[in-house]
Protein chains: 2
Amino acid sequence: MVGLLRSHDINPTHQRIEIAYVLFSRQEHLSADQVMALVNTHHSETSKATVYNTLKLFVEKGLVRELIVDPSKVFYDPNTHPHHHLYEINTGKLSDIGAEYMQVSGLPPLPAGTVIEGIDLIVRVRRAS
Amino acid sequence: MVGLLRSHDINPTHQRIEIAYVLFSRQEHLSADQVMALVNTHHSETSKATVYNTLKLFVEKGLVRELIVDPSKVFYDPNTHPHHHLYEINTGKLSDIGAEYMQVSGLPPLPAGTVIEGIDLIVRVRRAS
DNA sequence: GTATTGATTTGGACTTTGTCTAATGTCTGG
DNA sequence: CCAGACATTAGACAAAGTCCAAATCAATAC
Ligand SMILES: [Mn+2]
Ligand SMILES: [Mn+2]
Ligand SMILES: [Zn+2]
Ligand SMILES: [Zn+2]
């Protein structure tokens, strides 16, 4: 974990190690709140401010990917390889779609002076009624 | 406007007509807050609760499309034809990408008992530094 | 008209997610 | 040990959205 943080130019503090561990030891998409809860399961030791600060830092440094998929909360994805997402509207469950299952082709003319930050492809499904 | 609402099985009340008018008379992507402001520019007559209720109703009835693209607010799109979106991270500006510019191919195996609600493709761009 | 009644709207309290700030704590090189 | 930079923290704050009980409205029935 320490090496992973260092390799992304992140000073590995105790809190950052704990948060990284929570994210990388499972391969789930977690919200800030979930990270907060998991990191403080045993004994409370990381504040809300630090969780938010740290997640933002991780995103900036490219260690995790931010997913905007649910109208009420951001998810953090420890998998930064290209892949897509499937979101179950009813349950809020978010899962990966391997890049091999779906491809995106073409690119629109970008506004002058802008560069692509990322392309998000989200399949929204609903439990059949 | 009344006909449009009726054709989507929506009882055309004064407030709903005003809100639909705000959305359809311009072809922009508006947030609930913006709809609220626009509908009440002249004289205040529609409450926050009604704006939220009505937008939700419009989405349910398929009159407008909900766009989850910005971590802090939902946008509503009067264009329900298939198309994609380009989001400028810095400015928060959201614009359309015609379906002819980008194609999505393939479909993942869906979880049993679910059906596709929609596929969202978002190109995120950042002003080049 | 007037009454009835279901649908709609409303103010305002409330919740949730996230941000901000000023104070405090930690670490390191000299 | 000390200075300074960096990191963490509690808690106040803000913004988006939800909820609810009360009021209003609109349509039909007499
Ligand atoms: Mn610990
Ligand atoms: Mn008016
Ligand atoms: Zn993922
Ligand atoms: Zn659009």
Side-chain angles (χ1 to χ4, degrees), chain A residues 1-2 5-6 8-23 29-40 43-61 63-64 66-77 87 89-90 92 94, chain B residues 1-2 5-6 8-23 29-40 43-61 63-64 66-77 87 89-90 92 94:
Chain A
M1 213 46 54
V2 172
L5 294 180
R6 288 232 169 83
H8 283 263
D9 194 27
I10 296 166
N11 189 9
T13 64
H14 179 68
Q15 286 85 342
R16 288 169 182 174
I17 294 167
E18 298 265 7
I19 291 171
Y21 180 75
V22 159
L23 283 164
H29 307 92
L30 299 176
S31 66
D33 240 35
Q34 292 176 304
V35 169
M36 177 82 178
L38 287 168
V39 115
N40 288 327
H43 44 294
S44 177
E45 57 183 329
T46 303
S47 71
K48 181 170 67 142
T50 296
V51 169
Y52 278 98
N53 288 345
T54 300
L55 289 171
K56 184 177 289 179
L57 177 71
F58 284 4
V59 170
E60 278 167 22
K61 297 295 191 180
L63 182 61
V64 303
E66 197 179 34
L67 297 179
I68 297 163
V69 119
D70 180 295
S72 72
K73 64 185 67 154
V74 172
F75 284 96
Y76 295 88
D77 191 345
Y87 183 66
I89 294 176
N90 308 292
L94 183 59
Chain B
M1 212 47 53
V2 171
L5 294 180
R6 287 231 171 84
H8 283 263
D9 194 26
I10 296 166
N11 189 10
T13 64
H14 179 67
Q15 286 86 342
R16 288 170 182 174
I17 293 166
E18 299 264 6
I19 291 171
Y21 181 75
V22 159
L23 283 164
H29 307 91
L30 299 176
S31 66
D33 240 35
Q34 292 175 302
V35 169
M36 177 82 178
L38 287 167
V39 114
N40 288 328
H43 44 293
S44 179
E45 57 183 330
T46 303
S47 71
K48 183 172 65 146
T50 297
V51 169
Y52 279 98
N53 288 345
T54 300
L55 289 172
K56 183 177 290 179
L57 179 70
F58 284 4
V59 170
E60 276 167 22
K61 296 295 190 177
L63 183 60
V64 304
E66 196 179 34
L67 298 179
I68 296 161
V69 121
D70 180 295
S72 72
K73 64 184 67 154
V74 172
F75 284 97
Y76 294 89
D77 192 343
Y87 183 66
I89 293 174
N90 308 291
L94 184 58

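Every chain is numbered from 1 and lettered A, B, ... according to where its sequence line falls, protein lines coming before strand lines. None of the values given here were measured: they were computed from a predicted structure.
With hydrogens and angles disregarded, no donor-acceptor distance shorter than 3.5 Å links the side chain of B/D70 to the backbone of B/G92. B/R16 contributes no side-chain N or O that, together with a main-chain N or O of B/L5, makes up a donor-acceptor pair within less than 3.5 Å. B/D9 contributes no side-chain N or O that, together with a main-chain N or O of B/K61, makes up a donor-acceptor pair within less than 3.5 Å. For the pair B/D77 (side chain) and B/H29 (backbone), a donor-acceptor distance under 3.5 Å is absent.
Screening B/T50, B/V22, B/T54, B/L23 against B/V39 for a side chain to side chain contact (heavy atoms under 4.5 Å, CB included) leaves a single residue, B/V22.
Across the interface with DNA chain D, nearest-nucleotide mapping of A/N53 and B/Y52 shows A/N53 to be the residue nearer the 5′ end. Place B/N11 and A/S31 on DNA chain C by their nearest nucleotides, and B/N11 ends up nearer the 5' end. Comparing A/D33 and B/Q15, the nucleotide of DNA chain C nearest to each residue sits closer to the 5' end for B/Q15.
Across B/M1 and B/A20, no two heavy atoms sit closer than the pair SD-CB, 3.6 Å. Across every non-hydrogen atom of B/P71 and A/V74, the tightest pair is CB-CG2, 3.7 Å.
Counting any heavy atom pair closer than 4.0 Å across all strands shown, A/T50 reaches a base atom. B/T46 comes within 4.0 angstrom of sugar-phosphate atoms only, judged by non-hydrogen atoms across all strands, and of no base.
Think of the region where chain B sits on DNA chain C: with heavy atoms and a 4.0 Å cut, that region ends 5' and 3' at C/dT8 to C/dA13. Taking every nucleotide of DNA chain D with any atom under 4.0 Å from a non-hydrogen atom of chain A, the first and last of them, 5' to 3', are D/dA7 to D/dA12.
Of the N and O atoms on the side chains of A/D33 and A/S31, not one donor lies less than 3.5 Å from an acceptor on the other residue.
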